[in-house]
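These numbers come from a predicted model, not from an experiment. Reminder, nothing fancy here: chain letters follow the sequence lines and each chain counts from 1.
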Amino acid sequence: MVVNSVHWFRKGLRLHDNPALQEALNGADTVRCVYVLDPWFAGAANVGINRWRFLLESLEDLDNSLKKLNSRLFVVRGQPTEVFPRLFKEWNVTRLTFECDPEPYGKERDGAIIKMAQEFGVETVVRNSHTLYNLDRIIEMNNNNPPLTFKRFQAIVSRLELPRRPLTPVSQQQMNRCLGKISDNHDQLYSIPSLEELGFRTEGLPPAVWRGGESEALDRLSRYLDKNVWVANTRVKTCSLYASPTGLSPYLRFGCLSCRVLYYNLREIYMKLCKRSSPPLSLYGQLLWREFFYTAATNNPNFDRMEGNPICVQIPWDQNPEALAKWAEGRTGFPWIDAIMTQLRQEGWIHHRARHAVACFLTRGDLWISWESGMKVFEELLLDADWSVNAGSWMWLSCSAFFQQFFHCYCPVGFGRRTDPSGDYIRRYIPILKDFPNRYIYEPWNAPESLQKAANCVVGVDYPKPMINHAEGSRLNIERMKQVYQQLSHYRGLSLLASVPTIQEEAEPPMTDESQTSSGPDSPPRVLADIEAAVCLMAPDSSTSAPVLDQDNASLHRLFQDHCTSSGQPSSPASSPPQSPAPRSKPGSPSSSCPSPSASPSSLPPRRKGVAHKGRRSQRQRERPSCPMATEEEEEEMMQEEVDEERMEEEETAAAQQ
Amino acid sequence: MKRIKGGEEASSGESPPEACKKLRTETSEESEAVAAGESPLCDWSLLPQEILLHIFQYLPLLDRAYASQVCRGWNEAFHMPELWRCFEFELNQPASSYLKATHPDLIKQIIKRHSNHLQYVSFKVDSSTESAEAACDILSQLVNCSLKTLGLISTARPSFMEVPKSHFISALTVVFVNSKSLSSLKIDDTPVDDPSLKVLVANNSDTLKLLKMSSCPHVSPAGILCVADQCHGLRELALNYHLLSDELLLALSSEKHVHLEHLRIDVVSENPGQHFHTIKKSSWDAMVRHSPKFNLVMYFFLYEDEFGPFFNDEIPVTHLYFGRSVSKEVLGRVGLHCPRLVELVVCANGLRPLDEELIRIAKHCTQLSAIGLGECEVSCSAFVEFVKMCGRRLSQLSIMEEVLIPDHKYSLDEIHWEVSKHLGRVWFPDMMPTW
């Protein structure tokens with residue numbers, strides 16, 4: 001029987017370590033590599049020119065690599081659901097392969113295509129290669145819930161077998177066996193579109209700082225793994241705000257580089273240079289963060305919004321389109337924020353500390369604008385913006401999920417100065433400020449007027465005044481965050497870390513909070529018709545936008561309650577002295593004198609990290625009421641194991657040093 | 001099954017919401033069929049009012065409204081005063097908020113039928129002036145009620161400040177004059193002024209226990225002094241530093257005055273280089289003598305060079321929050337002059353590590369049980385030493401991983417273990433995504 005394969009590229013724009021592509025080649029008579037693109041949709045989508053350029057360059061690189069193998073890339077215009085039935089018939093396709101897309105939107109799209117392929121009698125082969133691990137497996141290991149703290153995630157990953165080893169690139173030999181005929185008018189029918197065709201104006205477009213494509217990705221990887229560079233990068237806590245020639249994140253996003261190739265290369269170089277048998281998880285920092293957010297998002301279609309998102313705290317963000325535009329266009333009047341947003345818009349990439357700075361400024365730090373708005377701007381401009389990672393990071397940075405300490409706000413002046421005391425970063429991206437001395441470059445509005453004139457930049461004329469008084473703004477916002485978290489936790493305190501019960505407890509009525517929330521109808525009319533109308537009026541509202549604690553958030557709510565009750569009375573956890581866990585020594589363990597830090601979960605301190613564990617436990621208890629204790633013990637055991645491992649590692653190093 | 005809140009608390013086999021839902025469907029859809037099969041002993045409409053009231057207390061308003069359609073008895077129960085003592089008005093505009101608002105018709109109904117039952121009232125208001133105006137309109141209609149607590153809460157920007165002052169004041173004084181037993185008043189970020197505080201004092205001085213009025217620019221030190229002089233039952237007070245005076249502290253520690261429990265002071269810089277007055281040590285001493293257990297919570301939002309007047313003398317602060325960068329020198333003074341310190345949060349400091357300052361704080365602040373450090377670089381060994389000195393009394397310990405500087409003694413991988421050992425529990429530094 002003839003096997004005609006189509007490999008559908010989406011992400012995973014590479015020939016190396018591409019298991020689905022290998023499946024397409026396996027025993028096939030012909031293989032065609034397809035990318036589906038809708039030029040009309042492209043113009044309308046919320047994706048900026050830099051991201052499109054990166055994609056088109058990646059496709060060109062792919063086409064070039066395929067040419068070297070005497071094949072070509074087929075870029076087909078249209079929507080997948082319209083394109084594939086046509087291709088199936090035209091090419092007499094029997095097998096369709098593609099990389100698994102773990103994101104909810106992708107899963108839905110692929111589900112429809114698989115079904116359609118079935119109807120056409122086309123076999124579909126899907127392989128997972130965009131993430132290191134099988135995400136479902138991680139969730140399964142965490143009792144069927146995605147881990148909500150990074151520590152927890154690391155603990156689970158450390159128990160997993162190593163990721164699958166990467167596959168070799170597609171070879172000439174493999175390709176030769178299944179070369180389809182390339183028609184003479186291929187370029188006419190299946191060429192890669194230009195930016196102009198997608199509706200972008202390209203006059204005056206500066207050259208790309210990040211060139212897309214697998215070849216570039218592999219060049220960068222080899223530079224990154226250069227022994228000297230690598231050692232220098234890991235030894236010193238360098239923080240270059242500029243685009244690095246060894247930066248890899250956009251290439252991971254588009255799959256020009258396989259995350260597993262990076263993983264195994266890191267592992268290898270570590271073992272070679274550090275002569276230790278097993279590298280610490282911290283080695284894979286960014287790769288694991290990516291994996292963490294992918295895991296959190298894979299089963300949550302509302303992961304990119306506050307409403308209806310079970311892991312997202314409902315925060316009464318302000319809607320303020322003008323302020324949002326100032327932020328997005330780099331007109332806040334804070335040079336540190338404006339320089340970052342300018343770099344993002346021009347180049348498509350900013351350092352993670354810069355991301356923290358602008359995200360905090362937009363949300364909980366200064367402007368009190370929803371993280372969703374910021375996420376959308378990043379989606380447009382940021383080359384490495386994966387849907388999951390982008391939304392997850394925004395929730396993290398705005399303290400909307402993952403249980404962050406909210407007291408810590410980045411200062412739009414001080415944080416910049418600490419990161420780049422020279423101010424050269426500002427001078428590069430906001431040249432109008434270039435003649436300001438270092439002392440004022442992060443706060444030009446405080447410079448004497450004579451100095452502003454001498455620097456040829458008068459604040460308020462040539463450069464905007466700061467759009468907000470940061471001291472006042474952060475004071476307000478800390479209070480707002482406190483309101484939100486207090487409502488979640490039923491914790492009423494004056495302070496931020498530990499709770500100090502205030503006297504309002506006795507001043508308040510003996511009612512549950514739930515009965516107070518006025519998610520109510522039009523109230524108590526006598527006539528039934530009235531109340532029916534009222535209920536109709538209110539019902540859709542009450543499910544969409546109740547106050548901080550709606551039913552959608554019931555789990556979060558309960559989670560915080562659990563957290564409070566776990567550490568004593570809900571009203572005053574601080575008043576009960578923190579129980580110190582009983583030292584639990586393992587028989588025969590040489591370090592039994594060390595207290596084992598993980599004891600009974602009930603003695604976990606009232607800390608957000610601890611909350612997460614509690615929360616998951618409570619969720620699990622609800623789902624599996626039969627054996628709640630087992631899961632607690634499992635968790636305990638897991639933490640214990642982790643600690644034991646670390647202890648062993650420590651002992652190993654100690655022994656080695658002697 | 002959406003609304004199950006409070007369901008757990010119900011001890012009967014079938015939780016009240018379930019029962020209501022069931023009854024609702026029965027009456028509306030298949031009433032005859034079910035009614036015929038039901039024993040008269042289970043007639044829910046005969047439920048005594050007090051039990052019904054108890055159940056209703058656990059139901060959200062919407063469910064109570066549904067339940068009130070069931071029968072006359074339940075409809076009467078719906079209107080029982082006990083269920084209307086406490087209400088939170090949410091005033092949001094679709095253009096400025098993502099959250100829904102309390103329906104205007106419901107507000108009308110409450111004012112008409114239940115305003116005399118209201119006792120514990122709060123207003124949550126988004127950033128639009130209309131919402132704040134609407135809150136004022138409601139307030140000025142609360143003439144025949146006697147509120148015990150009132151809270152005006154801005155959930156985004158301080159929108160009450162945008163309302164014409166006279167409008168706000170007249171609305172607020174309606175409540176002061178008509179409710180003669182206010183015990184708790186939260187009016188942070190509002191244009192309240194001295195004359196309106198006088199009205200408050202004239203009508204509620206015997207009952208007022210809590211007053212929160214941070215960032216109320218129209219109040220003067222004399223205005224708040226009048227409150228402290230007359231309201232001897234005041235136990236909790238929140239205000240900005242410019243209202244704090246020696247006289248105020250002495251008034252709060254007079255013999256007639258009850259012990260103060262919480263005093264919160266916000267120290268906010270309006271313009272750089274602002275000069276701040278000092279408070280005499282003797283005034284603080286008087287406070288501590290009078291209320292030995294009181295919490296002094298101070299939030300600082302100052303530029304580094306504005307700290308001159310602070311922490312030169314002993315100060316009985318218990319909770320200290322530095323919202324902006326603070327110098328090593330000031331933190332050094334904190335270590336020397338804050339013996340009652342319980343909680344310390346430092347959002348940022350300069351570029352040099354905070355090592356000696358932390359050790360000094362551990363040594364002198366023997367009550368310290370919670371600390372949070374943001375952008376503050378600390379060497380790993382100094383941090384471990386700090387934790388070792390404080391030991392297990394540190395119930396809260398939070399630091400960003402990226403500001404811990406590895407040194408010859410400890411690497412970043414080791415510090416989690418070392419700190420956990422001294423705390424007696426699992427501890428990790430806080431992380432931010434490196435993405």
(message) Between A:G473, A:G285, A:C411, A:S393, who has the most heavy-atom pairs with chain B when the cutoff is under 4.5 Å?
(response) A:S393
(message) Are A:H470 and B:R324 packed together at the side-chain level, in the sense that at least one heavy-atom pair is separated by less than 4.5 angstrom?
(response) yes
(request) Pick one of side chain, backbone, both or neither for B:D188, based on which atoms fall under 4.5 Å of a heavy atom in chain A. (result) neither
(request) Against chain A, label B:Y303 side chain, backbone, both or neither, depending on which of its atoms sit under 4.5 Å from a heavy atom there. (result) side chain
(message) For A:W317, which atoms come within 4.5 Å of any heavy atom of chain B: side chain, backbone, both, or neither?
(response) both
(message) At a 4.5 Å cut-off on heavy atoms, which part of A:P321 comes close to chain B: side chain, backbone, both, or neither?
(response) neither
(request) Below 4.5 Å from any heavy atom of chain B, which atoms of A:S474 appear? Answer side chain, backbone, both or neither. (result) both
(message) Evaluate B:V426 against A:K151 for side-chain contact (heavy atoms from CB on, under 4.5 Å), listing each step before the verdict.
(response) CA-CA 11 Å; B:V426 181; A:K151 278 291 162 217; over 6 Å; no
(message) Does any backbone or side-chain atom of B:D266 lie under 4.5 Å from a heavy atom of chain A? Answer side chain, backbone, both or neither.
(response) side chain
(message) Could you check whether B:S215 and A:R475, counting side-chain N and O atoms only, form a donor-acceptor pair closer than 3.5 Å?
(response) yes
(request) Name the member of B:D126, B:I107, B:V268 that forms the most heavy-atom pairs with chain A at distances under 4.5 Å. (result) B:V268
(request) Could you tell me which portion of B:S269 (side chain, backbone, both or neither) has an atom closer than 4.5 angstrom to a non-hydrogen atom of chain A? (result) backbone
(message) Looking at chain B, which one of A:L288, A:D384, A:V389 has the largest number of heavy-atom pairs inside 4.5 Å, strictly under?
(response) A:V389
(message) If you define the side chain from C-beta out and look only at heavy atoms, does anything of A:Y410 sit under 4.5 Å from B:M432?
(response) yes
(message) With a 4.5 angstrom heavy-atom cut-off, is it the side chain or the backbone of A:L382 that approaches chain B, or both, or neither?
(response) side chain
(message) If you count heavy-atom pairs within less than 4.5 Å of chain A, which of B:G323, B:S96, B:A95 leads?
(response) B:S96
(request) Among B:S325, B:P158, B:S154, single out the residue with the greatest number of heavy-atom pairs under 4.5 Å to chain A. (result) B:S154
(message) Need one label for B:A348: side chain, backbone, both or neither, based on atoms under 4.5 Å from any heavy atom in chain A.
(response) neither
(request) Measure B:L302 against the heavy atoms of chain A and call it side chain, backbone, both or neither at under 4.5 Å. (result) neither
(message) Measuring only between side-chain heavy atoms, which start at C-beta, is B:R157 closer than 4.5 Å to A:D318?
(response) yes
(request) Could you check if a side-chain atom of A:Q319 sits within less than 4.5 angstrom of a side-chain atom of B:N92, using non-hydrogen atoms only? (result) no
(request) Could you tell me whether the side chain of A:H356 reaches within less than 4.5 Å of the side chain of B:P433, counting heavy atoms only? (result) yes
(request) For residues B:Y98 and A:I315, determine if any side-chain heavy atom of one lies less than 4.5 Å from a side-chain heavy atom of the other. (result) no
(message) What verdict does the salt bridge (Lys or Arg N to Asp or Glu O under 4.0 Å) test give for B:E304 and A:R417, after you've listed the backbone C-alpha separation in whole Å, the side-chain angles of each residue and the deciding distance to 0.1 Å?
(response) CA-CA 14 Å; B:E304 274 192 35; A:R417 191 176 278 145; over 6 Å; no
(message) Give me the atom names and distance for the closest heavy-atom approach of B:C347 to A:C409.
(response) SG-N, 4.2 Å
(request) Kindly compute the distance separating CD (A:Q286) from OG1 (B:T434), expressed to the nearest 0.5 Å. (result) 4.5 Å
(request) Please flag which part of A:R418 lies under 4.5 Å from any non-hydrogen atom of chain B: side chain, backbone, both or neither. (result) both
(request) Check the pair B:E375 / A:T419 against side-chain contact (heavy atoms from CB on, under 4.5 Å), numbers first and verdict last. (result) CA-CA 11 Å; B:E375 295 163 53; A:T419 310; over 6 Å; no
(message) If I compare all heavy atoms of A:R480 with all of B:T155, which pair ends up nearest, and what's the gap?
(response) CD-O, 3.0 Å
